[in-house]
Amino acid sequence: MTNTQLRGESPAGQDEAAHRRKSALAHAFSLAADEYDEANGGFFNPIGARLARLAGLRPGDRVLDIGCGRGAVLFAALAEVGQEGYVVGIDLAPGMVRATAAQAAGRGLRNICVRVDDAEALGFPDGSFEAALSSFAVIFTPDPAAALASVHRVLAPGGRFAFTAFGADEPGWERPGAALNAFLPPEAARVRQSRAARFNPLGRSPEEAAELLHRAGFGDVHTVEHPAATHYPDAEAWWRSQRAGGWRGVLEAIPAERLDEARLAALAELAPLMAADGSLVRRTAIRYTTALRA
């Protein structure tokens, strides 16, 4: 039977800044949960399916999806492991968990569980899973070493870990984001001042990711890149995708009285990227990293 469990408590001794960051992420993605799949599923769902295939999942595997969101990896993994297998999705955002659990229940899926949990302190016994997957989630955790240690612990010997990160973006697409960042209050702007500040080493480069993985006890580390394209019929579709995704936290931090001004500034930066019919295509390289638990 589909199971939803909310843990919601921070690990003991968690650094206050890290706790604030996680709380902000959980709040932003909970707000975006209802619109997330409709606005962004066309981008995330094919990536989740590819990640599940690259992880080498087998019928009967027990699989953990870290940062499951609206199920881009979760449902793809379930298709790979079949009725004999089992998948568990975790997310920091209660809104995402509720929406995804309801979707699973609506589809009559019984070998699936969705719950609130923290990648840095996973609430599962040792060796619970044959595979752990994470699409655009572990790259944001404040303590990636703790997250990898936690993943290593819950994997069975020889278990497989696979995750995605963003590679190079097509030139020009940094400008709309920069326009939005310009409307942030000083403290929020400082936090987002660079790509490096937003991603931990797992998301910055394959070399840094491999070093962290090896330190955590993983071997046979491989990273491959595949292109992904996002199609927007017009600039407003792009704006809706920002409100329903990872940029929701930025938009929430912009003073309400300036949000429409920020929106217009961002849309103006999209003009050079538009096709003659007003549509947009964003091309991004996606990095897929796989590793084995020693």
Side-chain angles (χ1 to χ4, degrees), residues 25 28-29 32 36-37 39-51 54 67 69-70 72-73 134-141 144 162-184 188-210 222-251 253-254 262-289:
L25 284 170
F29 279 97
Y36 188 86
D37 196 49
N40 295 299
F43 176 76
F44 289 112
N45 293 341
I47 292 170
R50 185 186 292 272
L51 183 65
L54 288 175
R70 288 304 311 273
V73 173
S134 181
S135 195
F136 307 117
V138 293
I139 61 173
F140 291 108
T141 187
F163 67 93
T164 62
F166 294 102
D169 214 349
E170 195 170 32
W173 279 97
E174 74 282 356
R175 294 199 299 265
L180 290 174
N181 284 335
F183 288 84
L184 288 170
R190 184 190 64 76
V191 171
R192 288 190 59 87
Q193 64 186 342
S194 70
R195 179 184 177 93
R198 296 197 295 276
F199 300 124
N200 67 42
L202 291 171
R204 288 201 293 261
S205 74
E207 295 76 20
E208 289 181 278
H222 296 283
T223 296
V224 295
E225 281 197 358
H226 292 280
T230 312
H231 298 263
Y232 304 103
D234 52 39
E236 289 298 332
W238 173 85
W239 177 251
R240 289 192 296 272
S241 77
Q242 308 312 294
R243 285 188 50 80
W247 278 84
R248 183 62 176 259
V250 174
L251 301 182
I254 294 173
R263 170 183 162 275
L264 293 175
L267 295 185
E269 294 294 343
L270 289 175
L273 304 171
M274 287 182 182
D277 64 357
S279 65
L280 297 137
V281 180
R282 183 173 187 170
R283 295 176 177 85
T284 307
I286 306 301
R287 296 202 304 263
Y288 299 79
T289 298

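Both backbone and side-chain heavy atoms feed into the values below; hydrogens, waters and symmetry mates do not.
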| request: Please tell me if the side chains of Asp37 and Phe44 come closer than 4.5 Å, counting only heavy atoms from C-beta onward. | output: no

| message | What I'd like to find out is whether the side chain of Leu280 reaches to under 4.5 Å of the side chain of Thr230, using heavy atoms alone. | response | no

| query | Arg287 and Gly167: which non-hydrogen atoms are nearest, and at how many Å? | reply | NH1-CA, 3.9 Å

| note | side-chain contact (heavy atoms from CB on, under 4.5 Å) test vs Trp238 passes for just one of Pro176, Pro233, Ser279, namely Pro176

| said: Could you measure the distance from the CZ atom of Arg282 to the CH2 atom of Trp173? Nearest 0.5 Å is fine. | reply: 6.0 Å

| request: Give a yes or no answer on whether the side chain of Asn200 reaches the backbone of Thr141 with a donor-acceptor pair at less than 3.5 Å. | output: yes

| query | Arg263 and Leu251: side chain to side chain contact (heavy atoms under 4.5 Å, CB included), yes or no, with the steps? | reply | CA-CA 9 Å; Arg263 170 183 162 275; Leu251 301 182; over 6 Å; no

| Interatomic spacing from CG in Asn40 to CD in Gln242 - rounded to 0.5 Å | 7.5 Å

| task | Could you tell me whether the side chain of Asp169 and the main chain of Glu174 form a donor-acceptor pair under 3.5 Å? | result | no

| field | NE2 on His226 to OG1 on Thr284, rounded to 0.5 Å | value | 15.0 Å

| said: Is the ring pair Phe140/Phe199 parallel, tilted or perpendicular, if the boundaries are 30 and 60 degrees? | reply: tilted

| task | Could you pull out the closest heavy-atom pair between Val73 and Ser135, with the gap in Å? | result | CG2-CB, 3.5 Å

| message | Restricting to non-hydrogen atoms, name the atom on Phe163 and the atom on Leu51 that form the minimum distance, rounded to 0.1 Å. | response | N-CD1, 3.8 Å

| query | Okay, side chain of Arg175, backbone of Ala268: is any donor-acceptor separation there less than 3.5 Å? | reply | no

| task | With rounding to the nearest 0.5 Å, note down the distance linking CG in Asp234 to CG in Leu270. | result | 10.5 Å

| query | Does the side chain to side chain contact (heavy atoms under 4.5 Å, CB included) test come out yes or no for Val281 and Tyr232, once each step is laid out? | reply | CA-CA 6 Å; Val281 180; Tyr232 304 103; over 6 Å; no

| Of all heavy-atom pairs between Pro171 and Leu273, which one has the smallest distance, and what is that distance? | O-CD2, 4.0 Å

| Taking all non-hydrogen atoms of both residues, which atom of Leu202 and which atom of Val138 are closest, and how far apart? | CD1-O, 3.8 Å

| query | If you take all heavy atoms of Ala39 and Arg240, which pair is closest and at what distance? | reply | CB-O, 4.1 Å

| request: On the 0 to 90° scale, with breaks at 30° and 60°, tag the Phe136-Phe166 ring pair as parallel, tilted or perpendicular. | output: parallel

